[in-house]
Amino acid sequence: PIYADQFARLNRDVYERAIELYNTRGTTVEEEAELCLGLLVAFAATIYDNGSKQECIQSVLDRSWEVLPKLPPSLLKVRLLTYCYGEFYDESLAKEAHEIINTWNKGELTLEQTKIVEELKDFEENQYPFEEIK
């Protein structure tokens, strides 16, 4: 079990570290993609917002659009496509992720591949996680 104050402290720490990394740029395409992915995951996981969280997310998405075409088909690309898709549900992102996933040997998926396939499925099935749909 985790107490609310400990959760809040840990959550705030993740948010602050994301803000610290926000202006960092990767020296390679893969490093930049990893940074964008890490920032998107961190911002999605945190409850804090200093008033500019959406601006930061949009900036990271813009950086992602620049790096995605340069990435070869890979687990990293699928992960970045999935988290970009999770921000605004552009079907072309999910389609591209599925095209890469479909090249994988389904009988020999790694744990990371299995996890991202499930995450993409979750995003696709629940596009409005914080809204009550009537």
Side-chain angles (χ1 to χ4, degrees):
I2 185 169
Y3 292 102
D5 62 334
Q6 183 182 14
F7 171 77
R9 191 171 38 256
L10 291 170
N11 201 278
R12 178 84 179 170
D13 186 46
V14 169
Y15 181 76
E16 289 173 356
R17 288 175 190 247
I19 294 298
E20 288 172 15
L21 283 174
Y22 175 72
N23 290 316
T24 303
R25 300 281 185 198
T27 57
T28 66
V29 171
E30 287 78 13
E31 281 182 6
E32 181 67 3
E34 288 281 3
L35 276 167
C36 290
L37 176 62
L39 289 168
L40 288 173
V41 171
F43 287 131
T46 58
I47 57 176
Y48 289 97
D49 185 355
N50 66 359
S52 64
K53 183 175 174 179
Q54 278 310 119
E55 269 180 45
C56 291
I57 291 170
Q58 185 57 55
S59 177
V60 174
L61 288 170
D62 292 343
R63 288 169 58 182
S64 298
W65 304 151
E66 292 175 24
V67 77
L68 277 166
K70 299 173 187 172
L71 281 173
S74 62
L75 175 60
L76 175 59
K77 187 168 188 172
V78 171
R79 293 179 73 210
L80 186 55
L81 286 164
T82 298
Y83 276 88
C84 287
Y85 175 77
E87 285 300 324
F88 71 103
Y89 302 100
D90 180 325
E91 291 300 321
S92 67
L93 297 170
K95 182 181 180 219
E96 187 174 354
H98 281 291
E99 288 171 358
I100 297 169
I101 291 167
N102 289 338
T103 67
W104 296 346
N105 181 343
K106 301 295 185 260
E108 298 179 7
L109 292 180
T110 66
L111 180 59
E112 288 180 334
Q113 288 172 321
T114 302
K115 285 172 68 173
I116 199 60
V117 168
E118 286 300 315
E119 286 181 63
L120 179 56
K121 181 181 172 192
D122 288 346
F123 282 135
E124 289 174 314
E125 291 176 353
N126 188 16
Q127 293 187 5
Y128 305 98
F130 303 111
E131 296 180 22
E132 187 174 316
I133 299 177
K134 297 178 183 178

Look at atom CD of Glu112 and say whether more than 12 heavy atoms of other residues, nucleotides or ligands are closer to it than 6.0 Å. no
Distance from Thr114 atom OG1 to Lys106 atom NZ, nearest 0.5 Å? 10.0 Å
Separation between CD (Glu91) and CD (Glu124), nearest 0.5 Å, reads 7.0 Å
Hydrophobic clustering (ILVMFWY, side-chain heavy atoms < 4.5 Å, transitive) - are Ile47 and Val14 grouped together? no
Check: Ile116 and Glu119 side chains under 4.5 Å, non-hydrogen atoms: yes
Distance-minimising heavy-atom pair for Leu39 and Ala18: CD2-O, 3.2 Å
Taking the side chain from Ser52 and the backbone from Glu55, do they hold a donor-acceptor pair closer than 3.5 Å? no
Value rounded to 0.5 Å, distance of CD in Glu32 from CD in Glu66: 8.0 Å
Just to verify, which of Ile101, Val78, Asp122 counts as forming a side chain to side chain contact (heavy atoms under 4.5 Å, CB included) with Val117? Ile101
Check the pair Thr82, Arg79 against side chain to side chain contact (heavy atoms under 4.5 Å, CB included), reporting the backbone distance first and the verdict last. CA-CA 5 Å; Thr82 298; Arg79 293 179 73 210; 5.7 Å; no
Do you know the tightest heavy-atom contact between Leu93 and Trp65? CD1-CH2, 3.8 Å
Please answer whether the main-chain N or O of Gly26 pairs with a side-chain N or O of Glu31 as donor and acceptor at a distance below 3.5 Å. no
Please check if the side chain of Ser92 supplies one atom and the backbone of Asp90 the other of a donor-acceptor pair under 3.5 Å. no
For Leu120 versus Ala97, what's the shortest heavy-atom pair and its separation? CD2-CB, 3.8 Å
I'd like to know if Val41 and Ile19 are part of one continuous hydrophobic network [Ile/Leu/Val/Met/Phe/Trp/Tyr, side-chain heavy atoms within less than 4.5 Å]. yes
For the atom pair CD1 (Ile57) and CD (Glu87), what is the distance rounded to the nearest 0.5 Å? 4.5 Å
Is it the case that over 12 heavy atoms from other parts of the model lie below 6.0 angstrom from the CD atom of Glu108? no
Any donor-acceptor N/O pair, Asp13 side chain to Arg9 backbone, under 3.5 Å: no
Residues Arg25 and Leu35: closest non-hydrogen pair is C-CD1, 3.6 Å
Looking at every non-hydrogen atom in both residues, tell me the closest pair between Cys36 and Leu80 and how far apart they are. CB-CD1, 4.0 Å
OH (Tyr83) and CZ (Phe43) are apart, to the nearest 0.5 Å, by 14.5 Å
Between CD on residue Glu34 and OG1 on residue Thr28, distance to nearest 0.5 Å: 9.0 Å
Are Leu76 and Leu111 connected into the same hydrophobic cluster when the rule is that any two of I, L, V, M, F, W, Y join if their side-chain heavy atoms are below 4.5 Å apart? no
For the aromatic rings, using the six-membered ring if either is Trp, is the centroid distance between Tyr85 and Tyr89 under 6.0 Å? yes
Given side chains that start at C-beta, do those of Ser64 and Leu40 come closer than 4.5 Å, heavy atoms only? yes
Heavy atoms only: give me the nearest Asn11-Ala45 pair and the separation to one decimal. ND2-O, 3.2 Å
Could you go step by step and tell me if Thr46 and Lys53 meet the side chain to side chain contact (heavy atoms under 4.5 Å, CB included) rule? CA-CA 10 Å; Thr46 58; Lys53 183 175 174 179; 3.4 Å; yes
Below 4.0 angstrom, N of the basic side chain to O of the carboxylate: do Glu99 and Lys95 qualify? yes
Quick one: does Lys77's side chain have a donor or acceptor within less than 3.5 Å of a partner on Leu71's backbone? yes
